[in-house]
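Take a look at the structure set out below.
To find a chain, count down the sequence lines: A is the first, B the second, and so on, and within it residues start at 1. Only heavy atoms go into these numbers, but all of them, side chains included; no hydrogens, no water, no symmetry mates.
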There are 2 protein chains.
Amino acid sequence: MSKPTIEDVAKLAKVSTATVSRVINKQGGVRKATEERIAKAISQLDYIPNAVARSMVKKTTKTIGVIIPDINNPFFPLVVSGIEQQAREKGYFTVLCNTNESPEIERELTQILLERSVDGLIVTTADEDGKQLQSAIDRGIPIVAVDRAIKSFEVDTVLVGNIDGAYQATRHLILQGHKRIAIICGPQNTTPGYERFVGFKKALEEYQIPLPEDLVLEGDFKEESGFKLTQKLYSMQERPTAIFSSNNLMTVGCVKAVMETGWQMGKELAFIGFDDVDIATFVTPSLSVVSRPMRQLGELAFDILYEKMTSTGEWVRRHYVLSPELKIRQSCTIKNTN
Amino acid sequence: MSKPTIEDVAKLAKVSTATVSRVINKQGGVRKATEERIAKAISQLDYIPNAVARSMVKKTTKTIGVIIPDINNPFFPLVVSGIEQQAREKGYFTVLCNTNESPEIERELTQILLERSVDGLIVTTADEDGKQLQSAIDRGIPIVAVDRAIKSFEVDTVLVGNIDGAYQATRHLILQGHKRIAIICGPQNTTPGYERFVGFKKALEEYQIPLPEDLVLEGDFKEESGFKLTQKLYSMQERPTAIFSSNNLMTVGCVKAVMETGWQMGKELAFIGFDDVDIATFVTPSLSVVSRPMRQLGELAFDILYEKMTSTGEWVRRHYVLSPELKIRQSCTIKNTN
DNA sequence: TTGAAAGCGCTAACAA
DNA sequence: TTGTTAGCGCTTTCAA
């Protein structure tokens, strides 16, 4: 009752394993009658080729590893959908791994994926320094970084325009007449956190609004911090008239705090968040956001990886930056009347 | 520059591959000095053991496959988190696959996972009939069904109390004084869809409220259908005073429709949804829901699978049903004043 | 405590 | 058109 092997099939069909292999792999050069006999044997035995053995000799697994930091953040499943779709099309299988934002787990998973001989790696790293990916780099396995850059090594990268998106959002708020604009930043040692702050500053500079030091708050990209920092802003003597939140989860926390404090969003307070969130169109007023092309991000990442995996010659590193889109809804349409 | 093998390590350390293998697998029985020499060789060469070759001889991959129908439905990532955690603890690696609710893709993925010789399978099937899992069953590979039963075969199953949850929700509405209670059902050929309807009917019967045929609407568990069916309810001559929605996505659609029509939830309309949703605490009034223990579901599923994978003797099928929890918030606290 | 060698299931020359 | 055979990198007897 153990699994049938290619040999069992060969015996039953009275041919050699080589011929069975030819049929399985559709290589042709097998007489029609023989092929039919083999096909019959295969279905009779419920034979399933052993990919492990195949990988052993082919030295390729037709598998890519995808490492993401947070599977419960809806952003990543969407990116993964894009990756998977392209991968399927090219006959690659996708193995998804979640690090929970832990560089240590990322290191372990990288090790496991290398042991399992994945043909390539797409990663959104938990630590942009990237040392935890060292062993993958040493191996020379194709890698593409998505959404977060990797500093220690030269790898192909697909990002979205963080600076651009934050700039557009901030500018929009400025053009609405706001001068006291707060920003809830992400960690400044991450590319998204840092760059979104840069875009924010850029817009202020352009319109010659001095950076309001007291209104620059640093969170950790999690809901809790968005909540607390918003409370802090509300408790200020001179409150901001607008808030820019640097990511989706902090936006959620921010909205919760706004509701709880009774701050009047859309009246006393204008708001734009980075990244669309489910709740955006449910709250009143609906939330204006900077929206990113998630699927596209994933598709492009795989396409690049695929080229790397299949190309033989020299490879020129590529860095793509996709454009975000400003979605204006109700949370920032009012003019500041102060 | 190709990958170093165990042989390279053996040569460098001037021992046989057998000894290196002993060290790698921590089997003991190796002289301290030898072990150190080998360890040094390993790190010098950046040697990573090849799991493919190991699986080849061990006939186990220490890998489980997890098949889910929709990675973008936040319910599943949470279940997967539970699975992964337990799996990691036992040294198993989790391979996550998404079928997009397509039985055909499910069949393909099952095939791929079998080819890759996963040691076990946890699946939330896209089609409860389960024929697309036939080959896995034939192989006799351990399988655990999660959240959705599989009809064609006897497999271990972990579900949540759909009937119970729907019953509790409906009863709560009844006790609030409601008589005209609508239900937005899921597909009646799925266990969740069917059972939640059963729980609904059970509560009505218990309180001798006749089933209001016109208020029983069947959706497809997607947002769109929740939206449309709610519009339909609103347009009725005699509207319901309460709605029970059978899943999270339809709840979202329902809420959208309620907001759009101007129906006064919490006043003219009471609402309870099955499954918690992100927006539940953001809308006004906040939504009462039947909440399920997602992580726990995943943990239990792996625990059972693990037992099956490691046990040798007879195996008694198990069917677990976890209890949901009724979370009362604001959307149903009002009394019907008709 | 160590090594030699067989073999896991498959593919890919090379021969016939 | 088909078969023979040598590995792929590893683990595991069995001997030494």
I'd like to know if [X] pairs up with [Y] as an ion pair, taking the criterion as any Lys NZ or Arg NE/NH1/NH2 lying under 4.0 Å from an Asp or Glu carboxylate oxygen.
| X | Y | answer |
| --- | --- | --- |
| A:K151 | A:D129 | no |
| A:K62 | B:E115 | no |
| B:K131 | B:E104 | no |

Separation of [X] atom [atom1] from [N] atom [atom2], in whole Å?
| X | N | atom1 | atom2 | answer |
| --- | --- | --- | --- | --- |
| B:K26 | D:dT11 | NZ | C1' | 16 Å |
| B:R54 | D:dC8 | CZ | C1' | 16 Å |
| B:I24 | D:dT12 | CD1 | C1' | 14 Å |
| A:I6 | D:dG3 | CD1 | P | 12 Å |
| B:E7 | D:dC10 | CD | P | 9 Å |
| A:K58 | D:dA6 | NZ | P | 21 Å |
| B:N25 | D:dC10 | CG | C1' | 9 Å |
| A:K59 | C:dA12 | NZ | C1' | 13 Å |

What's the closest nucleotide to the side chain of [X] if the choices are [options]?
| X | options | answer |
| --- | --- | --- |
| B:T17 | D:dT2, C:dG9, C:dA5 | C:dA5 |
| B:M56 | D:dG9, D:dT11, C:dT1 | D:dG9 |
| A:R22 | D:dG7, C:dC14, D:dT12 | C:dC14 |
| A:V15 | C:dT2, C:dT11, D:dG3 | D:dG3 |

B:S55 near the nucleic acid: base, sugar-phosphate alone, or nothing, with a heavy-atom cut-off under 4.0 Å?
-> nothing
Across the strands shown, which category fits B:Q27 at heavy-atom distances under 4.0 angstrom: base, sugar-phosphate, nothing?
-> sugar-phosphate
Flag for A:T94-A:E84: side-chain donor and acceptor within less than 3.5 Å | no
Under 3.5 Å side-chain donor-acceptor pair for A:Q86 and A:D303 | yes
OP1 or OP2 of D:dC10 sitting under 4.0 Å from any side-chain N/O of B:S21?
-> no
B:T34 side chain near C:dT2 phosphate (N/O to OP1/OP2, under 4.0 Å) | yes
Just by modelled atom types, is the A:D127 backbone N or O under 3.5 Å from a matching donor or acceptor in the A:Q132 side chain?
-> yes
Judged by atom type as modelled, is there a donor-acceptor pair below 3.5 Å linking the side chain of A:T34 to the main-chain atoms of A:V30?
-> no
What parts of residues 37-53 of chain B reach DNA chain C, counting only heavy atoms under 4.0 Å away?
-> none
Which residue lies toward the 5' end of DNA chain C, B:G28 or A:A18, if each is placed at its nearest nucleotide?
-> B:G28
Within a strict 4.5 Å, meaning less than it, do heavy atoms of the A:I67 and A:E106 side chains meet?
-> yes
Given that B:T5 and A:T19 both sit by DNA chain D, which one's nearest nucleotide is further toward the 5' end?
-> A:T19
